[in-house]
A.B. asks: 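The structure under discussion is supplied below as structure tokens; questions concerning it will follow.
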Amino acid sequence: MTRFYIKFKKNPLTTPTDPAEQVKLWMTLLGNVKKDLASGGLTDWGDGVDIKEGYCISELDEEKLHTLMLKYVPFILFDIKPVLTVDQVMESIQRVVRAQSH
């Protein structure tokens, strides 16, 4: 199962300048985050204390993850990378060692 590390940044070009509108937008987006966490679409989520960027983790397949991320566009910008667990990395290293010893 593929896990994805998703780094996100809030898009300053789509952030309302009116404070009340900002609160409305962010609370709507955070409501979506809570739903995605509850449904398992996201398995972890965190916002940086600088309030500009954060991260989340997902174990959805690429197509479902793409669909999930679309609800946040254009307000959030994403950098998404597949990541390996420690066990997967160790197995990968062991495969290289086995291949080199033959």
Side-chain angles (χ1 to χ4, degrees):
M1 167 183 6
T2 303
R3 297 178 72 196
F4 292 93
Y5 168 76
I6 304 158
K7 184 175 178 182
F8 65 82
K9 289 186 177 187
K10 296 167 181 97
N11 185 350
L13 299 176
T14 61
T15 301
T17 55
D18 176 57
E21 289 297 314
Q22 284 180 10
V23 169
K24 182 179 175 184
L25 171 63
W26 296 127
M27 292 305 285
T28 299
L29 292 172
L30 290 169
N32 284 334
V33 169
K34 288 191 68 94
K35 289 177 189 173
D36 291 335
L37 285 164
S39 72
L42 298 176
T43 57
D44 195 16
W45 184 93
D47 199 10
V49 296
D50 66 0
I51 309 171
K52 294 186 290 186
E53 59 186 53
Y55 80 97
C56 46
I57 302 291
S58 179
E59 296 181 5
L60 295 175
D61 65 39
E62 291 90 342
E63 186 177 340
K64 289 178 184 170
L65 180 59
H66 183 267
T67 300
L68 183 132
M69 295 289 106
L70 285 173
K71 73 176 95 174
Y72 299 101
V73 174
F75 307 105
I76 305 295
L77 306 171
F78 298 102
D79 181 16
I80 302 174
K81 293 180 174 24
V83 294
L84 301 173
T85 66
V86 66
D87 290 334
Q88 289 171 316
V89 171
M90 291 174 73
E91 178 57 33
S92 181
I93 292 167
Q94 290 168 354
R95 279 194 300 271
V96 169
V97 169
R98 286 190 300 267
Q100 289 176 349
S101 65
H102 291 231

A.B. asks: Give the table of side-chain donor-acceptor pairs shorter than 3.5 Å for residues 17-25, with sequence neighbours excluded, one pair per line with atom names and distance.
C.D. replies:
| unit_1 | atom_1 | unit_2 | atom_2 | d |
| --- | --- | --- | --- | --- |
| Asp18 | OD2 | Glu21 | N | 3.2 |
| Gln22 | NE2 | Pro16 | O | 2.8 |

A.B. asks: Quick check for you: to the nearest 0.5 Å, what is the distance between Glu91 atom CD and Arg98 atom CZ?
C.D. replies: 4.5 Å

A.B. asks: Side chain of Asp36, backbone of Leu42: donor and acceptor closer than 3.5 Å?
C.D. replies: no

A.B. asks: Tell me whether Lys71 at atom NZ has more than 12 heavy atoms from other residues, nucleotides or ligands lying less than 6.0 Å away.
C.D. replies: yes

A.B. asks: When rounded to the nearest 0.5 angstrom, what is the spacing between CD1 in Ile57 and OG1 in Thr43?
C.D. replies: 6.0 Å

A.B. asks: Give the minimum heavy-atom separation between Lys10 and Glu53, together with the two atoms involved.
C.D. replies: NZ-N, 4.4 Å

A.B. asks: Applying a strict under-4.5 Å side-chain criterion to I, L, V, M, F, W and Y, I'd like to know whether Tyr55 and Leu37 cluster together.
C.D. replies: no

A.B. asks: Taking atom CD as the centre, does Glu63 end up with more than 12 heavy-atom neighbours from other residues, nucleotides or ligands that are less than 6.0 angstrom away?
C.D. replies: no

A.B. asks: Is Phe4 close to Leu60 at the side-chain level, that is, under 4.5 Å between some pair of heavy atoms?
C.D. replies: no

A.B. asks: Quick check for you: to the nearest 0.5 Å, what is the distance between Leu68 atom CG and Cys56 atom SG?
C.D. replies: 8.0 Å

A.B. asks: Just wondering, are more than 12 heavy atoms of other shown residues or ligands nearer than 6.0 Å to CG in Leu70?
C.D. replies: yes

A.B. asks: Which heavy atom in Tyr5 sits nearest to a heavy atom in Val83, and how many Å separate them?
C.D. replies: CB-CG1, 3.6 Å

A.B. asks: Determine the interplanar angle of the Phe78 and Phe8 rings, folded into 0 to 90°, and report it as parallel if under 30°, tilted if 30 to 60°, perpendicular if over 60°.
C.D. replies: perpendicular

A.B. asks: Indicate, with yes or no, if Ile93 and Val86 share a hydrophobic cluster defined by side-chain heavy-atom contacts under 4.5 Å among Ile, Leu, Val, Met, Phe, Trp and Tyr.
C.D. replies: no

A.B. asks: Ignoring hydrogens, what is the shortest heavy-atom contact between Pro82 and Thr2? Give both atom names and the distance.
C.D. replies: CB-CG2, 3.9 Å

A.B. asks: In terms of hydrophobic clusters joined by side-chain contacts under 4.5 Å, are Leu65 and Phe75 together?
C.D. replies: yes

A.B. asks: Taking a hydrophobic cluster as the set of Ile, Leu, Val, Met, Phe, Trp and Tyr residues connected by side-chain heavy atoms closer than 4.5 Å, whether directly or through intermediates, do Leu30 and Leu77 fall within one such cluster?
C.D. replies: no

A.B. asks: What's the shortest heavy-atom distance between Ile6 and Ser58, and which atoms?
C.D. replies: CD1-CB, 4.0 Å

